[in-house]
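Only one structure is covered here, and it is reproduced in the block below.
Convention: sequence-line order gives letters A, B, ...; per-chain numbering from 1.
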There are 2 protein chains.
Amino acid sequence: MTHQPQQYRSPDGLPVDIAIFTITSHAKLGNYRMLADRRLDVLLVRRSASSEAFPGCWALPGGFSKEGETLLEAAYRELKEETNVDRDVTIEQIKTVYYPGRDPRGWMPSVLYCTLVKEAYLLKLAADTDADEVRLFPLDEALKMKLAFDHNELLQDALNYVQTKMMTTTIAKQFLPEEFTIRELYQVIQTVVPSFEEDIANFKRNLMTTKARQGLIREAVTADGQPKTTDRNSNRPAQLYVYTDYEPRISIYNSGLF
Amino acid sequence: MTHQPQQYRSPDGLPVDIAIFTITSHAKLGNYRMLADRRLDVLLVRRSASSEAFPGCWALPGGFSKEGETLLEAAYRELKEETNVDRDVTIEQIKTVYYPGRDPRGWMPSVLYCTLVKEAYLLKLAADTDADEVRLFPLDEALKMKLAFDHNELLQDALNYVQTKMMTTTIAKQFLPEEFTIRELYQVIQTVVPSFEEDIANFKRNLMTTKARQGLIREAVTADGQPKTTDRNSNRPAQLYVYTDYEPRISIYNSGLF
DNA sequence: ATAATAGTGTCTTTTAGACACTATCGT
DNA sequence: ACGATAGTGTCTAAAAGACACTATTAT
């Protein structure tokens with residue numbers, strides 16, 4: 001990389017880190033079709049053994065934004081480099097950290113992003129990459145590890161952000177297929193925010209029939225207008241739903257605390 | 001791809017901009033004590049006529065973070081430099097922008113912060129500074145001006161952030177005295193989020209008696225345990241309240257849309 | 001008495017929560 | 001018939017919303 005001498009010499013990019021979350025499914029054994037267990041995972045990469053700082057440590061993926069590239073573009077590039085995901089995923093900026101001593105090597109801010117990726121998009125990951133270099137960790141496990149730099153804090157910040165957004169926006173859709181069942185929606189919310197608990201019958205009614213949430217999701221229908229169902233979670237088919245583009249401005253799943 | 005050691009020298013700071021909001025009071029004329037009108041204002045500074053970029057333009061205050069200083073410390077320093085406020089105010093980070101061509105002079109990201117300052121803290125501002133260089137603008141006016149750089153967008157982002165937080169957290173307290181009336185609280189919310197409208201009698205009842213919001217604010221009492229009142233807004237004294245440290249995790253003022 | 005804000009009371013509708021119950025399907 | 005999930009119905013309690021009413025104070 002070349003640069004012009006200036007009053008202060010500066011890089012043409014900024015360091016960008018990204019927390020890539022996914023929900024993995026773990027089928028239960030049994031004679032009947034049952035709901036899979038689900039778990040929140042985060043993708044970490046291992047720093048090379050010859051790294052100057054934190055060699056061999058697991059860390060959030062990241063890199064420098066390049067000349068002519070926005071920060072968000074750099075985040076998308078990182079995502080693609082690590083997971084080969086090059087699809088319609090949303091990436092959001094969480095925060096920027098910079099304080100003296102953050103990196104033993106000197107000046108090193110970091111702009112933290114996060115994204116929620118459907119499990120299906122990551123199927124190739126296991127096949128294509130060396131699991132000793134890039135892999136998904138269960139979130140609670142990752143939080144207990146000693147990550148490089150201040151990545152434990154960054155990961156916690158990202159988690160808090162996602163949990164808040166999960167209860168106040170429709171980001172659950174990023175973890176769900178286009179068409180999903182009420183139970184799947186409920187399960188996604190609970191996987192991200194375990195303290196969310198509600199009678200599922202009431203959950204459905206509150207979601208579908210109260211004024212403030214009317215139109216948040218609607219029933220999926222086939223080409224000829226018939227209700228669309230799936231039997232992927234149970235023998236008895238269940239109604240599918242889709243999100244509309246309505247974004248309520250409060251906690252969208254109940255009107256009290258969660 | 002993780003961070004590479006840098007091959008180039010770099011600045012030891014980052015540019016920091018700060019949106020400083022306040023609510024100004026404007027007393028109405030009349031023979032009786034009346035509630036003041038309130039308005040949301042933002043502080044802007046004028047760039048010098050000899051600036052290389054955007055000379056003479058109004059802009060959000062900002063500057064570079066210094067060596068040995070965190071970004072947040074830099075934001076506090078900026079706040080003090082512009083307003084002489086050196087008190088218990090909260091400053092929050094909103095976002096970081098960086099994209100090619102943002103600054104005609106070259107590399108220029110910006111880390112945007114915002115803060116809410118009580119009007120009382122800014123009383124000296126008018127006296128101490130040249131109003132042609134630093135002054136408060138009504139927010140709607142500021143949004144219509146042609147500000148330097150991308151500060152129109154930054155200001156809008158800051159406003160959106162504050163509006164969202166106003167409805168989902170207790171930041172209203174940053175605009176209020178320690179002890180305030182229900183009406184003052186209501187007025188602050190409405191000043192920041194004009195679409196918030198509610199029968200004030202119901203507002204009070206919902207705030208004080210519903211389970212999810214129980215304990216959010218409580219009645220102020222004197223040393224001997226008597227209810228504390230004020231007559232600053234009306235001839236009839238009104239009960240004062242204080243915030244507790246309870247932070248509900250939903251829209252805290254009603255359970256529907258706002 | 002009046003103007004202004006503070007505060008109470010009551011009635012109706014909507015929403016929340018608990019929980020028992022029925023339905024469907026593959027094995 | 002059974003296991004599992006899907007979905008319905010009903011009763012009670014809590015909350016929201018509309019709105020009329022009373023209270024307090026300086027002038």
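If you find the closest nucleotide of DNA chain C to R236(B) and to D231(A), the one lying nearer the 5' end belongs to R236(B). Between T181(A) and T210(B), the residue whose closest nucleotide on DNA chain D is further toward the 5' end is T181(A).
Proximity note for P237(B) (side chain, C-beta onward) versus dT25(D), dG17(D), dT15(C): the nearest is dT25(D). For Y32(B), counting side-chain heavy atoms from C-beta on, the closest listed nucleotide (dT27(D), dA4(D), dG26(C)) is dT27(D). Comparing dA6(C), dT15(C), dG9(D) by their closest approach to the side chain of A201(A) singles out dG9(D). Here the side chain of K211(A) is nearest to one of dA16(D), dT14(C), dT5(D), namely dT14(C).
Below the 3.5 angstrom threshold, one finds no donor paired with an acceptor across the side chain of R183(B) and the base of dG7(C). Applying the 3.5 Å distance criterion, the base of dA4(D) shares no donor-acceptor pair with the side chain of N233(A). Scanning atom types as modelled, one donor and one acceptor separated by under 3.5 angstrom connect the side chain of N202(A) and the base of dA18(C). Side-chain atoms of R33(A) and base atoms of dA4(D) include no donor and acceptor less than 3.5 Å apart. A donor and an acceptor atom sit less than 3.5 Å apart, one in the side chain of R205(A) and one in the base of dG17(C).
Rounded to an integer number of Å, the gap from M34(A) CE to dG26(C) C1' is 14 Å. Rounded to whole Å, the distance from CD on E197(A) to P on dA18(C) is 11 Å. Summarising the geometry, the separation between CG on L240(B) and C1' on dA6(C) is reported as 12 Å, rounded to the nearest angstrom. Atom-to-atom, CG of L185(B) to P of dA6(C) comes out at 12 Å; the value is rounded to the nearest Å. Atom C1' of nucleotide dT25(D) and atom CZ of R232(B) are separated by 17 Å, given to the nearest angstrom. Whole-Å rounding puts the E198(B) CD to dC19(D) P distance at 14 Å. Straight-line distance from the CG atom of N235(B) to the P atom of dA4(C): 11 Å, rounded to whole Å. The CD1 atom of I182(A) sits 14 Å away from the C1' atom of dT8(D) (whole-angstrom rounding).
Ionic pairing of R232(A) and E184(A) is present here: one or more N-O contacts between side-chain nitrogen and carboxylate oxygen are shorter than 4.0 angstrom. Using a 4.0 Å cut-off between charged nitrogen and carboxylate oxygen, D41(B) and R39(B) count as a salt-bridge pair. Ionic pairing of R236(B) and D231(B) is not present here: no N-O contact between side-chain nitrogen and carboxylate oxygen is shorter than 4.0 angstrom.
F180(B) and Y243(B) have tilted rings, their planes meeting at an angle from 30° to 60° on a 0 to 90° scale.
Contact annotation for L35(A): backbone-only contact, meaning every heavy-atom pair under 4.0 Å involves sugar-phosphate atoms and none involves a base.
OP1 or OP2 of dT8(D) lies within a sub-4.0 Å distance of a side-chain N or O belonging to K204(A).
Panel note: side chain Q190(B), backbone S195(B); no donor-acceptor pair is recorded below 3.5 Å.
E119(A) and S25(A) share a donor-acceptor pair across their side chains, judged by distance under 3.5 Å alone.
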